[in-house]
Structures are given as structure tokens and as C-alpha cells.
Amino acid sequence: MLIFSVLFFNLIIGCLFYGLPSESSYNTNIDLNFENITFSSIRKEDQVIQAFIFAWNGYKKYAWGKDELEPLKKNGSNSFGLGLTIVDALDTAIIMGLKKETNKAIDWIKNDLDFDVKNDNVNVFETTIRVLGGLLSSYNLIKHPILLEKAKDLGDRLLSAFIQSTSPIPRSDVNLKTRIASNPSGYSSLAEVSTIQLEFRELSRLTRDMIYEQYAMNVSNYIHRIGCDGLCPYLLDVNDGKFIETTRTLGARADSFYEYLLKQYLQTNVDWFREDWNNYIDLIEKDIYMKIGSDYVLGEIEKDKTFSAKMDHLACFLSGSLALSYQNGINSKHLKMAENIAETCYKMYDTPSGLAAEIYKWKEEKISSDFRDRHSLLRPEAVESFFYLYRVTGNRKYQDWTWKIFQSIQKYARIPEGYSSVKNVYETEYITRIDKMESFFLAETLKYIYLTMAENQTILPLDEWIFNTEAHPFPISK
Ligand SMILES: *[C@@H]1O[C@H](CO)[C@@H](O)[C@H](O)[C@H]1NC(C)=O
Ligand SMILES: *[C@@H]1O[C@H](CO)[C@@H](O)[C@H](O)[C@H]1NC(C)=O
Ligand SMILES: *[C@@H]1O[C@H](CO)[C@@H](O)[C@H](O)[C@H]1NC(C)=O
Ligand SMILES: *[C@@H]1O[C@H](CO)[C@@H](O)[C@H](O)[C@H]1NC(C)=O
């Protein structure tokens, strides 16, 4: 069933010499034609590059080597101790053709990325999608050997989560130094255990060591086998591997389980992934995809089986996955659903600041947001969906929407030190800020905005690359 016999290292499309101070050379298959970029240029895509450089420079000045910039404290947070922003943002810098930033990141990864440095737990899922994913995608783009070497070292340490579990469900945390896995809560969320497979499979392909793929695929096989009686609850008990009766949602803690059914199908051609994806979309359509007033909403089913008209901004990812599904000929009705959900997601940005809140509810057929849910971390899911829909339909409306969101980010999230998260998107008189520039803002949000605004729409074609859930592209091997 597995596909590795047909995989080859034939991915270098075009090569370009890429000088480094400490390495003789490495190759890239991305056309780096931005050498003499001038920012007086009004091209929209160049303004996005400029925003990326601005964010990067703030991080570099105040938080270099830490995980994420705290622009108000002018410092950095460091709960992972993995230079999260550097590794997560690297492939965006590569795709944008930013050589100086790329070289500086590679030097840091080579000399300073040390998985022994922090004797503390890290979350397996976050570390996999951001750090392992970032190393593997950057390796595919520029083939610098240190990236694969670090990815393998990290992958070996993360395997403890599988090996040390008493059930087919991996543990949620690993201490990367001691390689001891644990589950502080006793639970793992569905998304955590089912959104590591693209990355482990890609590590196996590149290292030609099947072990990573086997452990990760066994988790998918297991969830496929036990099934969910409808949409899936979002929690699993790590001790016995059973689902715990909880909310059935496309939002936090369940979301990317569905995304990776489709993307694993595209990565492996294993048929049951496509069938499960199709079946779950049918269930979504039947159980939680509702027209409320003029909006198509992806609601939730509560523990007591009642429907709740609540939608996380996170759930907007589904629109992009449905567009990708349509593009691959999986189901023709998926495009209409994708477009309908995208309309709702764009409506989430219809706030005084033009930024979207974290969670919305529908009351008396009107979209609204509770006071405690009105923050924006500058998440990517809406612009991610507009990227897919623009690629799939060519409808410039999606570029216009993306540009409008970008301008709101520039207006309300940008401060001299970088970009901050925003506490209340309904306030514009006085902006209360959350002191963090999330690594996914550089890894995902700015990447998808750039790719959507780029004149050259043949960069990273969707039939050759799959983006992991953190927007790190892996090649599809045919
Ligand atoms: C667009 O990008 C592709 C892939 O990087 C490259 O091969 C092509 O030459 C570019 N086209 C233009 C017009 O720059
Ligand atoms: C960039 O500018 C330098 C100096 O102005 C020039 O020598 C070089 O040829 C330019 N490179 C490209 C790719 O246009
Ligand atoms: C940044 O925070 C660290 C603790 O996380 C502290 O030791 C350091 O002094 C702070 N730096 C600045 C410039 O405030
Ligand atoms: C994966 O599952 C198969 C079948 O249950 C088992 O034989 C194999 O040892 C498992 N592989 C790993 C790496 O756990």
C-alpha cells in the first residue's frame, strides 16, 4: 500500500547557485529574481515582502533566537526554546527570494538550533507542524543539507511520543533533551495526533528510513478503523486510545484532522483517505453546515447533541481544503461549499478594524462575537482559503478580499517593533494589543497573502506541492 518504491530524488527543477559564507553552495528550485527589489515600487506583492521584512527585522532586533517576538516588551517569548520564528518563517523568506534573511536563518539553524537546550516538554503537534515542517519544506526548496540533518535529529526525538505510548495514540508532549514523552492532561486532541503524518512521511521519503512514516501512518490507520459515529469528538484518551465524548467541531482541536485526510490522500494516493474525506464532508453538510440568515455557517454539535451556531475563524481552513478537493476532481459540489464558506469568512472581517475576531456566533440570524472572543492573532485561515480559491477559480474577488485584509493588518497591527496581536477588533479609537507576534503570522498569513497577490501564479503549483497545516509546502511525488 505504501508508495515509497516509486519515489525518487528528482525534485530539483532548476538550479541556482546560492553562496553562503559557511557553505560552499546549495541549490534552489525557486526562481530568485528579486535581487534588486526596490520598495518604492507599488506592486502589491512587493508591499507584502516589505511587511515580511519589517516583521523579521523586529524579531531580529528584539528576540533573535527566541521563539516569538513580544513587540511591547521588546523582548521574546521562549516556551519551546527552538527559535520558532526563524524556522517557521524560513521558507517564506526563500519563496520571497530574500537571500540575506535566508542565509542568516540557515546560519542560526546550523550553529544554534540545539534540541538539547531546553530540558522541558514541548508539544509534539506544534513542534512537528512548525519546526519539522519548516525544516523539511525549506530543505526541499534549497537542498541545504543541514536542514535535513536537523529534521532527522528532531524526528528521532519526537518518535518517543509514539514509542512510549500505551495506546496507538501518541503522547502529546516530549522532552527533546531526555526523550521522555508524557501527557500532562491525560488526553490528546484529535487534531494533535492526526496532523503530524504529512511531516513524518516526508521525513521518511527524504531519509529513506520508513520508521517515521510507519509510526505516523499507524495512528491514521487506527482512527480510520475505530471510526467516529458521525463527526469526531475532539478528545482522545491516550491511555486506552478511545474517543472521549466532546464537541464535534471543525474548529480548535479537531480542524486539521479533516484537512489531513485530503492532504494525505494527495500525498499517498491511498484510497481510504479520499473515501473518509468525502464521507466526512457529506456528514458536515448534513449535520453542521447551515444557512443562517444570509450566511453559510460551519456550526458545532455539543456534547448533548444540540447544534450550536458557533464558528471559529480556524474553521475557515475548510473552504481552502474543499477548493483543493474540487481542483483534484474529488467532488464537484465541493467548490460551491468552498465559495459559500469563504463568503462567511470574509464577513468575519467586516468589523471596525477590518480584522477578524477569533470566534463568531449567530444570534437572531446575525453574525456577532462575544466580548471575550474579540481578539485577533492575525490568523491565516481566511487568506489561506482565498489563496486556494483564487488559484482554482481565477476570480479576482479573492485577491481583492486578501488585499483588504492585508491593509487592515498594516493599519491596526503594525507598530514600530513589528506586528502585534490585537485584543478587540471592534475597537479602533484605542488599540489594546496582545504582546506577541505569532510565528504563524510570518509562516502562514504573510505567505498566503504573498502567493495570492503575486503576479506569477506558477510559483508552487497546487498539483506539485501540498502545504502542511502550517503552510509549509512539500512536493507531491508522482
Ligand atoms: C514564475 O515562477 C516560476 C517558478 O518559480 C518560474 O519558473 C517562471 O520563470 C516565473 N515566471 C515569470 C514570468 O517570472
Ligand atoms: C542589481 O544592481 C546591481 C548594481 O546596481 C547591478 O550590478 C546588477 O546587475 C543588478 N542585478 C540584477 C539582477 O538586475
Ligand atoms: C527579556 O526577557 C528575559 C527573560 O525572559 C530577561 O532575562 C531579559 O533581561 C529581558 N530582556 C530585556 C531587554 O528586557
Ligand atoms: C504499525 O502497525 C502494524 C500493524 O498493527 C504493526 O505490525 C507495526 O509494528 C506498527 N508499526 C509501528 C512502527 O508501530
Ring geometry between Tyr289 and Tyr296 (parallel below 30°, tilted from 30 to 60°, perpendicular above 60°): parallel
Evaluation steps, side-chain contact (heavy atoms from CB on, under 4.5 Å), between Leu462 and Phe387: CA-CA 11 Å; Leu462 293 180; Phe387 160 68; 4.1 Å; yes
Matching residue for Ser420 among Arg433, Glu70, Lys436 - test: side chain to side chain donor-acceptor pair (under 3.5 Å): Arg433
Spacing of Glu417 atom CD and Leu72 atom CG [to the nearest 0.5 Å]: 7.5 Å
Pair Trp64 and Tyr59, ring centroids less than 6.0 Å apart: yes
Ring centres under 6.0 angstrom apart (Tyr419, Phe441):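 Yes.
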Chi angles and distances behind the salt bridge (charged side-chain N to carboxylate O under 4.0 Å, His left out) call for Asp271, Arg274: CA-CA 5 Å; Asp271 222 38; Arg274 181 178 51 75; 2.8 Å; yes
Are [X] and [Y] close enough for a salt bridge, meaning some N to O gap below 4.0 Å?
| X | Y | value |
| --- | --- | --- |
| Glu202 | Arg205 | yes |
| Asp287 | Lys305 | no |
| Arg248 | Glu245 | yes |

Any Leu446 side-chain heavy atom under 4.5 Å of Trp56 side chain: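 A side-chain contact is absent here, since even the closest heavy-atom pair is not under 4.5 Å.
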For Asp209, all residues meeting side-chain hydrogen bond (donor to acceptor under 3.5 Å, both in side chains), sequence neighbours excluded: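 With sequence neighbours excluded, Asp209 shows a side-chain hydrogen bond (donor to acceptor under 3.5 Å, both in side chains) to no residue whatsoever.
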Within 6.0 Å of OH in Tyr222, more than 12 heavy atoms from elsewhere: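 For Tyr222, atom OH is crowded (more than 12 foreign heavy atoms under 6.0 Å).
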Test applied, ring pair (Phe, Tyr, Trp, His ring centres under 6.0 Å); reference residue, His313; option that passes from Tyr349, Tyr346, Tyr360: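 Exactly one pass, corresponding to Tyr349.
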